[in-house]
There are 2 protein chains.
Amino acid sequence: MSGTGAKAGRRDDIVAVALELLDAHGLPELSMRRIAGALGMQPSALYWHFPDKQTLLGAVAADVLGAPEASGPEALALDLRDRLLGRRDAAELVSSASALGHCRIPHSELLRSAALAAGADDARAAAAASAAVLYTLGWVLHAQQRSVAEALGAASPDAPEPAPYADGLELILGGL
Amino acid sequence: MSGTGAKAGRRDDIVAVALELLDAHGLPELSMRRIAGALGMQPSALYWHFPDKQTLLGAVAADVLGAPEASGPEALALDLRDRLLGRRDAAELVSSASALGHCRIPHSELLRSAALAAGADDARAAAAASAAVLYTLGWVLHAQQRSVAEALGAASPDAPEPAPYADGLELILGGL
DNA sequence: ACCTGAACACCGTTCAAGT
DNA sequence: ACCTGAACACCGTTCAAGT
């Protein structure tokens, strides 16, 4: 599920188990000690495979993002949104891993190409791709943390309804 | 600097000192123990003023955001961007505090009103305001963590140049 | 009303040493 | 090559008790 597909190995076991723990308990509970515990090893053993926790989380984020196959700009943005929505706390994970340079979002480059193919010039394609990715990440981040906030009963009663995802995306990708 | 302006009080001292520590050492170093230490008090004393760390950070975030006075949509977006760029790690602070419901971004509502005043209908105004805020937060987040990453020498050499802020904003607010 | 002191249950990371 | 065991230097939070 992670690399370009090959002999699994201990490193991929670690990423797989981290993903399970993420789904089961969320990002705040995802500690090195818990990952190690779930694998029956010592926390220190993880440091043979990864230099630090951030790098390990980057590998998990890359797994969440996968290899998108969609080809139109809107389809790529929706693919990204759906992958993020599909896993617990994925927006926060990906957002911080990508900002820190520990994972790459393949949708970015694909979106840029798709915009070029649709006839946009270089600057316009780059702006649209970057805005679409940042908007999507932000939108899902907000949605996921909103849902955890109200699950905790801390439903701030005056919080305004977020605008629908598609409306914002349309503004960004509208001119194709 | 924080509330609507009144008798300071211990609570505002805490927020002010937290802001100084944020500027001086960054968000990862901003612990309850350090804030308390800088005030010459025990960490547990902070819990008389705030129920938990997230709430305290929410108050700090509100202080960073302030009370914007700009009135056009673009001016409001730029005001938000500049406030975030003006303080260390501010984008991450505000992004997570606002997503968790511990602070409000006043620019959101003002942007919506400004879009309405510029002739947009309700749905369009809401979409533009939300997209502009999410885009701005994401753009600055990326910029700030990029700069910390390369300060640490971890300058990922293949990281693509981010598109200029104004280009993306133009896509979102272009139709006024 | 506001704070101390001590404790609880954790963290990420390093490093010598084992196999 | 891969992992253990123990340690270091921290965390956020709770709570009885003080003034």
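Within every chain, numbering begins at 1; the chains are lettered A, B, ... in the order of the sequence lines, protein sequences first and strands thereafter.
The side chain of A:Ser44 approaches C:dC15 more closely than any other nucleotide in the set C:dC2, C:dC15, D:dG12. Taking only side-chain atoms of A:Tyr47, from C-beta outward, the nucleotide of C:dC11, C:dT4, C:dT13 with the closest atom is C:dT13.
Between A:Leu100 and A:Gln54 there is a side-chain heavy-atom pair separated by less than 4.5 Å. Residues A:Leu93 and A:Val60 have side chains in contact (heavy-atom distance under 4.5 Å, counting atoms from C-beta outward). Contact annotation: the side chain of A:Leu27 never approaches that of A:Arg88 to less than 4.5 Å [non-hydrogen atoms, C-beta and beyond].
A:Leu30 has its CG atom 13 Å from the C1' atom of C:dC11, to the nearest Å. To the nearest angstrom, P of C:dC10 lies 10 Å from CZ of A:Arg33. The CZ atom of A:Arg10 sits 14 Å away from the C1' atom of D:dT4 (whole-angstrom rounding). As a whole-Å value, the separation of B:Leu46 CG from C:dC3 P is 9 Å. At whole-Å resolution of the value, CG in B:Asp52 and C1' in D:dC15 are 17 Å apart. In this structure, A:Met32 places its CE atom 16 Å from C1' of D:dC10, rounding to the nearest Å. Distance CD1 (B:Ile14) to P (C:dA1): 16 Å, rounded to an integer number of Å. The interatomic distance linking B:Leu56 (CG) with D:dT13 (C1') rounds to 14 Å, in whole Å.
Residue B:His49 places at least one side-chain N or O closer than 4.0 Å to OP1 or OP2 of C:dC3. B:Arg11 has no side-chain polar atom (N or O) that falls below the 4.0 Å cut-off from OP1 or OP2 of C:dC2.
Spacing of P atoms, D:dA9 relative to C:dC10, comes out at 22 Å, to the nearest Å. Of the C1' atoms belonging to C:dC11 and D:dC8, the separation is 12 Å, rounded to the nearest Å.
Interatomic distance, A:Tyr135 OH to A:Arg81 CZ, rounded to the nearest 0.5 Å: 9.5 Å.
Between B:Asp13 and B:Arg10 there is a salt bridge, since at least one side-chain N of the basic residue sits less than 4.0 Å from a carboxylate O of the acidic one.
Of the residues in residues 35-43 of chain A, A:Gly40, A:Met41, A:Gln42 come within less than 4.0 Å of DNA chain D through at least one heavy atom, sorted by number.
Residues B:Leu56 and B:Ala18 come closest through the heavy atom pair CD2-CB, 4.2 Å. Nearest heavy-atom pair across A:Pro68 and A:Leu76 is CB-CD2, 4.2 Å.
Pairing for D:dC8 goes to C:dG12, judged as Watson-Crick or G-U wobble with the two contacts each under 3.5 Å. Pair assignment for D:dA17 gives none, since no Watson-Crick or G-U wobble pairing has each distance under 3.5 Å.
A donor and an acceptor atom never sit less than 3.5 Å apart when one is taken from the side chain of A:Ser31 and the other from the base of C:dG12.
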